[in-house]
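Notes for the one structure printed next.
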Amino acid sequence: MSPKVMPPLRLILAAALMLAPLLGALALLVRHGEIAPGLAIGGALLALAGAVLTLRFYYLDVRAVADCVTQLAEDPDAAPPPTAGSGPVRALTASVARLHRVMARRTEQVQAQLEANESIIEALHDPFVLVAFDRTVVRANQAARGLFGERILGRDLAASLRNPSVLEAVDAVLGGAASRNLEFSLPVPVERMFEVRVKPFQRRLPQPVAAAADRDDGEFPPPEPGSSKMVILTLHDITALRRSEQMRADFIANASHELRTPLSSLLGFIETLRGPAREDLDAHERFLSIMHDQASRMARLVNDLLSLSRIELDEHMPPAGTVDVLDRLDSVMASLELKAASRRIRLTLEAPDGLPPVIGDEDQLTQVFQNLVSNAIKYTREGTDVTIAVSVADGTVVGFAGMVPLPGRGGRGHPMVAVAVRDQGDGIARTHLPRLTERFYRVDAARSRAMGGTGLGLAIVKHILNRHRGRLTIESEVGVGSTFTVYLPVAESAEASIPARRQA
């Protein structure tokens, strides 16, 4: 870029201002007759011309420096400064270019460090929330946005986290209190327990920014000059820890209650066989058969309790895989075919073509279908049918409790795969329906134990469906039969349906 030349009139005016004292002195000399007017005018013109040339020379140098700085500001990769101009100008422009390169490298380093810090905060496994002095959320990492939603940013913390204890702790720390630790729970979609640490954070700000951030609305004290009071919230999920503690307590209580009867029976039979019936072979055969049944019942009970404990431990972590429901149902029906045939029961599968896959854990969903179909075989009348009907429904479940919006991704409007297992048994009275998924709850305890039930099958089904963000509904009519329906969210990537399947 060539330097612009200063307009001549401006150069002359500037030179005249610079030579004003000299011109005034010449005028005084002419007035007192010390010098001839012509000579004075000639000298003034010569001096003015020299001043104009000098100013123009320095103006071009200054303009060259200004153009070089402008070029560097507009284009960080600008070419080296021009070689034209005086030696001081070339040295100055070279120094400016060198300083620009140094500052550009430092800016890149700072930017890279900021980006690294941003990536680290975003990658944190635990939710991280930064709250301003007016309780507005100014920063939330990916884990926090996944927990509270994308709308948490720029809003009052109370709009996303409505726990009074946490909000009280935040207000206290913003008011000058020390760091606080507390626990709270989020009830939906599945109850989760968190340990939250509320820690003060003081961020130094430039004076104008700090002055703009000052406020005094009576709720919080204004920040100190040059700083901004903030609070950092870090949340740690302790759901697994608390559930593990609860499961240990529940296991001891349930096991002691359910195992007491078979253990007492085994001890009684052993004492009988070692005592009065020592030589009675018929009693041996009869008692050993009963002891085998009781021991088998205890084994099933322990297996179900362990299975339930494992399921509850991961209940707060939804699965990420996809499952072909029809493939799992085919496997379950094949494994239960002999059991059904022993009671002359026909297993029938009704399913549409192109059924989409669902979100789920393959082993756990197999366990759900196994429990429901096995129960239907146990409680239906001999010589009848057990029907498994599969369909695609929207995100609203109609059950004994009325219209129930499904939690999580299976909300209203989200497609669901419904698997209904219908039997033709004696049915269940409506008063029992809400309690069927409780642990060890039985409508007919004696009949359930006689059929080998542990009272944990439907509890296992409920907790697996909670993890899958699904739902179980139960409909039953006394004397007609019962229908247990499982609803599972369709996988989001299921635009291409599973290939058409032959109806069983």
What's the spacing between [X] [atom1] and [Y] [atom2] if we round to 0.5 Å?
X	Y	atom1	atom2	value
His432	Ile474	NE2	CD1	12.5 Å
Met230	Thr136	CE	OG1	9.5 Å
Glu195	Ile238	CD	CD1	5.5 Å
Gln111	Glu118	CD	CD	9.5 Å
Ile120	Phe128	CD1	CZ	12.0 Å
Ile428	Leu436	CD1	CG	5.0 Å

Looking at every heavy atom in both [X] and [Y], which two are closest together, and how far apart are they?
X	Y	answer
Asp324	Leu326	OD1-N, 3.2 Å
Arg467	Pro319	O-CD, 3.3 Å
Thr485	Ala420	OG1-CB, 3.5 Å
Val417	Val325	CG1-CG2, 4.2 Å
Gln370	Ser335	OE1-OG, 3.5 Å
Ala177	Arg180	CB-NH2, 4.3 Å

[X] vs [Y] side-chain heavy atoms within contact, under 4.5 Å:
X	Y	value
Leu266	Ile290	no
Asn375	Phe484	no
Arg422	Glu350	yes
Leu161	Ile152	no
Met291	Ile270	yes
Ile345	Ile377	yes
Ile388	Val332	no
Lys229	Gln202	yes

Side chain to side chain contact (heavy atoms under 4.5 Å, CB included) evaluation trace for Leu488 with Val323: CA-CA 10 Å; Leu488 296 166; Val323 177; over 6 Å; no
Could you tell me whether the side chain of [X] and the main chain of [Y] form a donor-acceptor pair under 3.5 Å?
X	Y	result
Arg343	Lys378	yes
Arg344	Ala341	no
Arg135	Ala132	no
Asp126	His236	no
Thr380	Gln424	yes
Asp385	Thr387	no
Ser289	Arg286	no
His284	Arg278	yes

Residue pair Asp134, Asp156: steps toward the side chain to side chain contact (heavy atoms under 4.5 Å, CB included) verdict: CA-CA 8 Å; Asp134 59 354; Asp156 192 294; over 6 Å; no
Residues Arg192 and Thr239: side-chain donor-acceptor under 3.5 angstrom: no
Between Thr234 and Lys199: side-chain donor-acceptor atoms closer than 3.5 Å: no
Within a radius of less than 6.0 Å around [atom1] of [X], do more than 12 heavy atoms belonging to other residues, nucleotides or ligands occur?
X	atom1	answer
Glu183	CD	yes
Arg155	CZ	yes
Glu337	CD	no
Glu285	CD	no
Leu338	CG	no

Side chain to side chain contact (heavy atoms under 4.5 Å, CB included) between Gln367 and Ile311, intermediate numbers included: CA-CA 11 Å; Gln367 190 173 7; Ile311 292 166; 4.0 Å; yes
Test log, rule side chain to side chain contact (heavy atoms under 4.5 Å, CB included), inputs Val166 and Leu182: CA-CA 8 Å; Val166 177; Leu182 64 153; 4.0 Å; yes
SB check Arg105 Glu108 (cutoff 4.0 Å): no
Pair Asp426 + Arg381: basic N to acidic O under 4.0 Å: yes
